[in-house]
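Chain identifiers are assigned alphabetically (A, B, ...) following the order of the sequence lines, protein sequences preceding nucleic acid strands; residue numbering begins at 1 within each chain.
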There are 2 protein chains.
Amino acid sequence: MTNAPPTTNATTQGMRDEILAYKRERILQEAVTLFYERGFTGTTLDDIAHELGVTKPFIYTHFKSKTDLLAAICLPTIQMSLDAAITAVESGGSATERLHKLIVDFTRVVLVRQPNIAVFFREEKSLERAALAEINALRLRFDRTLARLLEEGVAAGEFRLHDAKLTALAMGGMISWAYTWHRPGGRLSIEEIGQRMAELALQMAGASPPSAMHAC
Amino acid sequence: MTNAPPTTNATTQGMRDEILAYKRERILQEAVTLFYERGFTGTTLDDIAHELGVTKPFIYTHFKSKTDLLAAICLPTIQMSLDAAITAVESGGSATERLHKLIVDFTRVVLVRQPNIAVFFREEKSLERAALAEINALRLRFDRTLARLLEEGVAAGEFRLHDAKLTALAMGGMISWAYTWHRPGGRLSIEEIGQRMAELALQMAGASPPSAMHAC
DNA sequence: CTCGGGTGCTACCCGCCGGTAGTGTATCCC
DNA sequence: GGGATACACTACCGGCGGGTAGCACCCGAG
């Protein structure tokens, strides 16, 4: 089943897989849009199918249940947030530079994938236990990664703060919260918001003068 | 109907009203607990009634629908947040002192009424349009109140920040987010969290030395 | 004892929606 | 042209839960 397709050659097989992946992706797009606008329970599978110009059983050939669809919306996005944090922390440079990068990149994930983030935080209770546990493990790692970076910064004499864990939660909240107020096409672009949030985070961390503020 | 009860005297009437209010309050207590644990759509009115040792029609004598119940959970809590902000801003003292008070008091509302706050942010989409609009008006006033305080602080030379609106959103998010991670009986008490959040907020605002950090 | 009003219950309805079984049809190889 | 395969559709089910109609009970008043 994994190799050597029975009735057709490898090229055709490869393309078919791409098409399958594309269909799956389109379903996810519509689903997240509707869940974002109307809520998970406020959206029926018929709604999603209708929006795609197909019917409900079509969705069931790609996802095994409505909650499976929800998990497929949430999990990869939370994974992306964690990846952004890890990449930033492991990149070269001072703690200050790495925190700046972490905040900018994390903000980008939150705002670019705003509907997914919003759906996750709202519909947490609709996820199956296993899926929720998996996601919460990722979130925990995110918080710890950020807290460790803050501690490194303190050890290096770059930051001044009392409680790395609490500060990490505060920073995480400050950024995550943006899903509630950001409007695409608003006053500030995603990159501008990221820059300013990074400055605020550095001030919160008590970073040394040169970074956040240009005067004094 | 509002006065001069037909069959009984004023004292009895007063007590009956108190009992009515008490029943209403008990329903709200159970409802918010269950909505918090299982989600709005994951909780049936029968569940709530069962927990109270009554039946579904009992609830309908106090609330006209399930969404009415939801609004009664959310609105007063958001109102409390706004009240805390206004009271703090209008209290005497420097901008620094008032921001400190605002954060401490707002944090207290968020954490003491954590289930209500959580239910509101999760179940926004289940509220009726009118109720949601009313609540969103309160939230807008909250953000503006905080932003104005930040601007006053800048004008008074107490704060240093680029963008009062964004900073207000960041601070609001930092605190609001606590509903997602706070566990009663955890490492820090509600008052301790409030204190530390206030320190972080002051650093974010670029408040002058004496306040947030005790060394240097 | 009887009357009446207030209060909460039993019993029910009905629409909605997640999920499925079975069928039609386009495609491709021989 | 014929047969197999994959794919998506039509049509249906079943239960769940919000909301309601009407009844039974309790209690105070006369």
Nucleotide D:dC9, atom P - distance to NE2 of A:H50 in whole Å: 13 Å
Test side chain to side chain contact (heavy atoms under 4.5 Å, CB included) applied to A:M171 and A:L102, A:L150, A:D143, A:L200, the passing residue: A:L150
Salt-bridge contact A:E30-A:R26 (side-chain N to carboxylate O under 4.0 Å): yes
Atom-pair distance (CD1 on A:I19; C1' on C:dT27), nearest Å: 13 Å
Collect all protein-nucleotide pairs involving nucleotides 23-26 of chain C in which both atoms are nitrogen or oxygen and the distance is under 3.5 Å.
none

Neighbours of DNA chain C within residues 120-132 of chain B, by heavy-atom distance under 4.0 Å: none
Pairs involving residues 40-49 of chain A, ordered by first then second residue, that meet side chain to side chain donor-acceptor pair (under 3.5 Å) (sequence neighbours left out): A:R38-A:D47, A:T44-A:D47
With A:T77, the side chain to side chain contact (heavy atoms under 4.5 Å, CB included) member among A:I135, A:I117, A:V119: A:I117
Atom-pair distance (CD1 on B:I59; C1' on D:dG19), nearest Å: 12 Å
Distance, rounded to the nearest Å, where B:F63 contributes CZ and D:dG18 contributes P: 15 Å
Listed once per pair and sorted, the ring pair (Phe, Tyr, Trp, His ring centres under 6.0 Å) pairs that draw on residues 119-140 of chain A, sequence neighbours left out: A:F121-A:Y179, A:F121-B:W177
Ring pair (Phe, Tyr, Trp, His ring centres under 6.0 Å) partners of A:Y60, counting only residues at least two apart: none
Crowding at CZ, B:R187 (>12 non-hydrogen neighbours, <6.0 Å): yes
Where protein sits on nucleotides 7-18 of chain C, one letter per nucleotide: B base, S sugar-phosphate only, - none, heavy atoms under 4.0 Å: SSBB------SB
Residues A:K125 and B:E37 bridged, charged N to O under 4.0 Å: no
Side-chain donor or acceptor of B:E134 paired with backbone N/O of B:L75 under 3.5 Å: no
NZ/NE/NH1/NH2 to OD/OE distance under 4.0 Å, A:R98 and A:E90: no
